[in-house]
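One structure is given below, encoded as structure tokens.
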Amino acid sequence: MKKRQTSNSHNHIQSKQIPDSFWPFVNSQPKPDRMNIVNRIRPLVSKALQELYPGDASTPGFAEKDLTIAQTKPEFEGDYTLVLFSFVKQLKKSPEQLGKEIGELLIKSSPELFTAYNVIKGFLNLKVADPYWTGFLQANFADKRIGIRPSNPHRIIVEYSSPNTNKPLHLGHLRNNFLGWSVAEILKTTGHTVFKTAILNDRGIHICKSMVAWVLFAGGATPDSTGIKGDHFVGDYYVQFGVEHKKEVEKLMLEGLSKEEAEQQAPIMQAAQKMLVDWENGEPEVKSLWEKMNGWVYEGFNETYKKIGSDFDKNYFESQTYLLGKEIVEEGIAKGVFFRKPDGSVWIDLTADGLDEKLVLRKDGTSVYITQDLGLADKKYEEFQYDQSFYVIADEQNYHMKVLKLILQKLQKPYADGIYHLSYGLVELPSGRMKTREGTVVDADDIIEELKLVARQKTEELGKVKDFNPGELKELYDTIALGALKFFLLRVDPKKRMVFNPEESIDFHGFTGPFIQYTHARIKSILRKQEEARNLELGIGDQGHGPLLPKEKELIVLLEQYSSVLDQALLEHNPSVIAIYVFNVAKTFNTFYTELSIMNAESPDKKELRLQIASLTANVIASSMALLGIRVPERM
RNA sequence: GCGCUUGUAGCUCAGCUGGAUAGAGCAACGGACUACGAAUCCGUAGGUCGGGCGUUCGAAUCGCUCCAGGCGCACCA
């Protein structure tokens, strides 16, 4: 029979060495006083190796970055563990002997940091002195801005959201929005200057479809006259276009046309095509209709963006950028990167790079999708002088983005290497992919409303905030509903496809946003009580609280890892790292809370210590959640 | 066909830059509120890490191969 781990939340962080190339980009190396424990142990071990084995320690495999230091598994004695196997062969010593020698030296040379060691098989387990942990706690427990780092000169733009203006936002957009926003915040917190941008796909045949349908069927109705939110209003006409089109196609097929012919020749499609041409020719009536309908959509989008907390430093509009890039095509021809075929179309040959020949300009001289992106990249650089440019785009476009970057590199654009496709997987339902035609698309506004309703029901049921006024209640429901939704979509590795189970999403227990929010509210309740009772800020006292108890230490050790969690999230551009971490923090606190009394601690010093732990926990939770775009309530 | 990608407990996911006996949440079952907030906590049960071969002191993790799913390879965007 298998044994369960007793420690319910041992966060087994590996603390791998971050590549050297990463540091200049983050900051200068962390300052010693802000350095976490693993980054302190590393040079000490390295030094010990050099002292003990001067001849061998300079050989490959002995560098600081090659050391594997992991958190000690709970079933063994110790806090952090050095893996010895990699030295064994080179030094021709048994792991036991090696571990003993290194352990002895470390304790002798750094008694303030290490108090004990043991060697089991090839692992050297080191016990880190309590004062290190309590020192960390005292230095940080009151820091409400924990995790924020000094600025550095890098400029980054993050493009995300990027909707079409012919239909409302759905679940997929939400993943995109939450991801982009969160990654931008993570970059900011770690010191970068970040600009958020969006590209609004506001032109093209799809836009004309909803316009045509509105002209034909709306009878002059508007969002105002119907009370329907603008983006939904326009989206309804886009859907209606599809319905009408289908009818016409069926009719034409009965008359003997092939499916392709029928789809092309259906009158409503012809009308849309004509409208597109008129639009491109600047036909005033079409333009003004287009402006009017897009205006409705933007009104709706803005409402949703405001609700979900998405914000942008600059919006680009495809209608204003779709002609960009033609100059780049000329430039590319001049540089010999592109070539023109006899029919006049322009191509790039990427077969040497394992890709295909790609068209960059049609034979009629009009641009294709990639042409616009070339132009937009250039324009963004002109305006922002970015060092890195993130594109939050679904993984369907991996190939496209690869090509984009490669072309820019071949054109020797200075910004080409800084282009990074933050690719994310589709959101699916348990029944499979969302499909417009089958009506299985989960609308963003709908799901948020539904979650607010659940938040309200649950809150009323529990009756803990009966004294809240209507405004406070509304804010609380917003906080909980969006917290649940954002956490649900961000807790999974962005690269992976994910399944959105509606039933799970309204569950506020376990690995969820509300669980963490609840933990925060609970801590705040204790801290409020303490302040009322004493009317004092927390003191800084480190006298006589005795050795740290396992639950106290476990939580401090976990909190101490916050900075390396941020490093990892930044390195991987991955908010889920933070989501998983903050969940562990909340869970570990809840266990701590159950086992140990704070207010009625064994001694005043213990009480002080635990209040500090509680305070730091609340700050780390708030700070982590803020990076995910999730608010944490004082009460709920 | 070629390229990319995914496969871990009934379900949803961690762990994947190789390290000790593979972890959570949900669902199931059983417990804990006359002491800091039970939206909580504790326990039980549940895994040939898709299959095979290889590299290694050590493989869920790396390589090869097979199987199964997804995406892409438009003069669409």
Side-chain angles (χ1 to χ4, degrees), chain A residues 1-5 8-12 14 16-19 65 68 70 72-73 75-76 81 83-86 88-89 95 120-123 125 164 201 204-206 318 322 343 345-347 354-356 358-364 366 368-370 372-373 394-400 402 423 425-426 428 430 433 455 458-459 461-462 464 480 488 491-493 495-501 503-504 507-512 514-515 517-519 521-527 529-530 571 576-577 580 583-584 587 590-591 593-601 607 610-611 614 635-636:
Chain A
M1 198 182 302
K2 179 166 54 91
K3 242 193 246 166
R4 274 179 88 82
Q5 212 168 308
N8 69 341
S9 67
H10 200 78
N11 187 22
H12 198 233
Q14 268 287 328
K16 299 266 167 55
Q17 174 76 355
I18 307 259
K65 66 175 166 53
T68 306
T72 305
K73 291 221 163 197
E75 55 268 38
F76 301 102
T81 296
V83 182
L84 301 166
F85 295 104
S86 39
V88 168
K89 199 180 272 179
I120 298 171
K121 296 205 281 185
F123 302 92
N125 301 321
N164 293 341
N201 301 115
I205 189 68
H206 52 293
E318 195 197 340
Y322 80 109
D343 66 358
S345 57
V346 181
W347 297 75
L355 307 177
D356 308 272
K358 293 295 294 183
L359 178 85
V360 294
L361 202 66
R362 296 196 185 95
K363 66 181 172 204
D364 63 6
T366 57
V368 291
Y369 184 42
I370 195 115
Q372 300 176 36
D373 273 342
D395 61 10
E396 305 163 302
Q397 301 205 32
N398 285 353
Y399 185 77
H400 171 79
K402 207 169 162 182
S423 168
L426 254 46
E428 289 181 1
R433 210 172 158 167
K458 199 72 202 166
T459 303
E461 212 172 278
L462 292 166
K464 293 180 181 180
I480 295 171
F488 194 92
R491 68 183 201 185
V492 180
D493 186 337
K495 290 193 296 293
K496 295 193 178 171
R497 242 177 358 205
M498 69 174 291
V499 174
F500 182 88
N501 186 327
E503 278 169 37
E504 259 180 59
D507 187 359
F508 293 170
H509 305 283
F511 189 19
T512 68
F515 171 90
Q517 290 172 323
Y518 170 76
T519 306
R522 210 189 202 187
I523 295 172
K524 282 314 183 86
S525 165
I526 299 166
L527 295 178
K529 210 158 273 181
Q530 168 63 16
L571 180 68
S576 78
V577 171
I580 292 162
F583 171 64
N584 274 323
K587 203 165 45 138
N590 284 334
T591 303
Y593 173 89
T594 306
E595 286 194 16
L596 301 169
S597 176
I598 297 171
M599 300 305 272
N600 299 313
K607 180 172 170 183
R610 288 178 197 161
L611 281 166
R635 293 175 55 195
M636 67 185 275

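Every chain is numbered from 1, with letters handed out A, B, ... down the list of sequences.
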Grab the N/O contacts between the protein and nucleotides 67-69 of chain B below 3.5 Å, and write none if there aren't any.
none

Distance check needed: [N] [atom2] versus [X] [atom1], whole Å only.
| X | N | atom1 | atom2 | value |
| --- | --- | --- | --- | --- |
| A/K402 | B/U5 | NZ | C1' | 11 Å |
| A/I120 | B/A20 | CD1 | P | 13 Å |
| A/F488 | B/U12 | CZ | P | 10 Å |
| A/K495 | B/U6 | NZ | P | 8 Å |
| A/N398 | B/G70 | CG | P | 17 Å |

Q | Salt bridge flag under 4.0 Å for residues A/R362 and A/D364 | A | no
Q) With the threshold set at 4.0 Å, does a side-chain nitrogen-carboxylate oxygen contact exist between A/E428 and A/K496? A) no
Identify whether any heavy atom of [X] sits under 4.0 Å from a base atom; if not, whether one sits that close to sugar-phosphate; answer base, sugar-phosphate or nothing.
| X | answer |
| --- | --- |
| A/S576 | nothing |
| A/N125 | base |
| A/F511 | sugar-phosphate |
| A/M498 | sugar-phosphate |
| A/V492 | sugar-phosphate |
| A/I480 | base |
| A/A521 | base |
| A/F76 | base |

Pick out the pairs of N or O atoms, protein on one side and nucleotides 27-29 of chain B on the other, that lie under 3.5 Å.
none

Q.
Using heavy-atom distances to pick each residue's nearest nucleotide on RNA chain B, tell me which of A/K458 and A/T512 is more 5'.
A.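 Result of the comparison: A/T512.
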Q | A/M599 side chain reached by A/R610 side chain, heavy atoms, under 4.5 Å | A | no
With sequence neighbours excluded, residues passing side-chain hydrogen bond (donor to acceptor under 3.5 Å, both in side chains) with [X]:
| X | result |
| --- | --- |
| A/Y322 | none |
| A/Q372 | none |
| A/E396 | A/R433 |
| A/N125 | A/T81, A/N118 |

Q. For A/K458, what residues pass the salt bridge (Lys or Arg N to Asp or Glu O under 4.0 Å) criterion, not counting sequence neighbours?
A. A/E461
Q | Non-neighbouring partners of A/N164 that pass side-chain contact (heavy atoms from CB on, under 4.5 Å), sequence neighbours left out | A |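 Result, side-chain contact (heavy atoms from CB on, under 4.5 Å) vs A/N164: A/N166, A/N201, A/H206.
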Q.
Treating primed atoms plus P, OP1 and OP2 as sugar-phosphate and everything else as base, which nucleotides of nucleotides 72-77 of chain B get B, S or - for protein heavy atoms under 4.0 Å?
A. SS-BSB
Q. Along nucleotides 56-61 of chain B, 5' to 3', which nucleotides get a B, which get an S, and which get a -, given that the test is a protein heavy-atom distance under 4.0 Å?
A. -B----
(Q) When you measure from the side chain of A/T459 to the backbone of A/A455, do you find a donor-acceptor pair of N or O atoms at a distance under 3.5 Å? (A) yes
Does [X] make a side-chain N or O approach to OP1 or OP2 of [N] shorter than 4.0 Å?
| X | N | value |
| --- | --- | --- |
| A/K496 | B/A14 | yes |
| A/S525 | B/G37 | yes |
| A/K73 | B/A22 | no |

**Q.** A/R491 to A/F583 six-membered ring, cation-pi geometry met (6.0 Å, 45°)
**A.** no
Q. Does a donor on one side chain and an acceptor on the other come within less than 3.5 Å for A/T512 and A/D507?
A.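 No, no side-chain donor-acceptor contact under 3.5 Å.
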Q.
Quick check: any donor-acceptor pair below 3.5 Å linking the side-chain of A/T81 to the base of B/A20?
A.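 Pair found.
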Q) When Watson-Crick pairs (N1 to N3 and N6-O4 or O6-N4) and G-U wobble pairs (N1-O2 and O6-N3) count only below 3.5 Å on both distances, what is the dot-bracket string of RNA chain B, with | for other-strand pairs? A) (((((((..((((.....[...)))).(((((.......))))).....(((((..]....))))))))))))....
Q: With sequence neighbours left out, write down each residue that passes ring pair (Phe, Tyr, Trp, His ring centres under 6.0 Å) with A/F508, or none if nothing qualifies.
A: none
Q: With the side chain of A/T72 defined as its heavy atoms from C-beta on, choose the nearest nucleotide among B/A20, B/U12, B/G25.
A: B/A20
**Q.** A/Y593 aromatic ring stacked with six-membered ring of B/U40, 5.5 Å and 30°
**A.**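 So no, this residue does not stack on that base, at least one cut-off failing.
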